[in-house]
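Shown next, in structure tokens, is the structure this report addresses.
The structure presented is a predicted model; accordingly, all values stated were derived computationally and were not measured. The chain is numbered in sequence order, starting from 1.
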Amino acid sequence: MSVVSRRGFLAGLSVAIGGLGNPGRSVRSQQQPQAGQGDVGSLRDPAAAGPPKTPATERDNEPFIQAVEHRIRCTCGCNLDVYTCRTTDFTCSTSPRMHREVLALEDQGKNADQIVAAFVAQYGEQVLMAPKPEGFNLAGYLVPGTLLLMGGALLTVLLRRRMRVVAAERVTVPASSMPDATPEEVARLNRELADLERE
């Protein structure tokens, strides 16, 4: 006599009950699943997965094409460069179109700067991943670094000043700890200790 597990028993019971309630269903369940349905579930709208993609070729992933596309922002609103958008967001239809434009411009014999300039002429300067380092755009390159350096210098000055104050407080000898010394001797001792700390 074989022992049936609880899970196996419940599975068999559900099949038996399902077959009794709808006898035609058990016959249909043994047939091949319909298109878009299977063991995992059904795919209600295959178009939701995005438009079908053409297979990638070696030219699509050339270092030259990648370098150019990393400089150009996809205009679909994702704020990614064209290469990253077309290789990660398979629902985007804008980045493949821009990729085809890059390939067409390369076929015309244009170099990387000329291709980027053509995109700037067509879409405006917002198509660039980084603004050109000229005019007011220089502020975006220089101001953050300058502010960082100034903040570091100010922090260094404040920390050194605080360390001197702490060191001066630490080496001061109170007059009450030396009952035989005169106040002039205690002051001279404190000055000499402070001089030693500075060295």
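Summarising the geometry, atom SG belonging to C78 is positioned 6.5 Å from atom CG belonging to D89; distances are rounded to the nearest 0.5 Å. Put simply, CZ on R188 and CD on E185 are 6.5 Å apart, with the number rounded to the nearest 0.5 Å. In this structure, CE in M98 is found 11.5 Å from OG in S93, a value given to the nearest 0.5 Å. The NE2 atom of H70 lies 11.0 Å from the CG atom of L80; values are rounded to the nearest 0.5 Å. With rounding to the nearest 0.5 angstrom, the CD atom of E69 is 10.5 Å from the CD atom of E62.
For R59, the side-chain hydrogen bond (donor to acceptor under 3.5 Å, both in side chains) partners two or more places apart in sequence, or in a different chain, are E106, D107. Applying the side-chain hydrogen bond (donor to acceptor under 3.5 Å, both in side chains) criterion to R73, with sequence neighbours excluded, gives no partner residue. Every residue two or more places apart in sequence or in another chain that forms a side chain to side chain contact (heavy atoms under 4.5 Å, CB included) with R97 is listed here: T75, T94, R100, E101, Y123. Under the side chain to side chain contact (heavy atoms under 4.5 Å, CB included) criterion, A67 pairs with no residue at all, not counting sequence neighbours. With sequence neighbours excluded, no residue forms a side chain to side chain contact (heavy atoms under 4.5 Å, CB included) with Q126.
Considering only heavy atoms from C-beta on, L128 comes within 4.5 Å of V120 through its side chain. Looking only at side-chain heavy atoms (C-beta outward), C76 and C85 come within less than 4.5 Å of each other.
Nearest heavy-atom pair across L105 and A118 is CD1-CB, 3.8 Å. Shown here for N61 and R86, the closest heavy-atom pair between the two residues is OD1-NH2, 4.1 Å. The minimum heavy-atom distance between I65 and D60, with the atom names listed, is CG2-O, 4.0 Å.
Q122 places no side-chain N or O within 3.5 Å of a backbone atom of F119 that could act as its donor or acceptor partner.
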Output a table of donor-acceptor pairs, distance under 3.5 Å, between side-chain atoms of residues 146-158 and any protein atom two or more places apart or on a different chain; print 'none' if there are none.
unit_1 : atom_1 : unit_2 : atom_2 : d
T146   : OG1    : L142   : O      : 2.8
T156   : OG1    : G152   : O      : 2.8

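Exactly one residue among D113, I115, D81, V82 makes a side-chain contact (heavy atoms from CB on, under 4.5 Å) with R71. That residue is D113.
No path of Ile, Leu, Val, Met, Phe, Trp and Tyr side chains, each step under 4.5 Å between heavy atoms, connects V127 with Y83, placing them in separate hydrophobic clusters.
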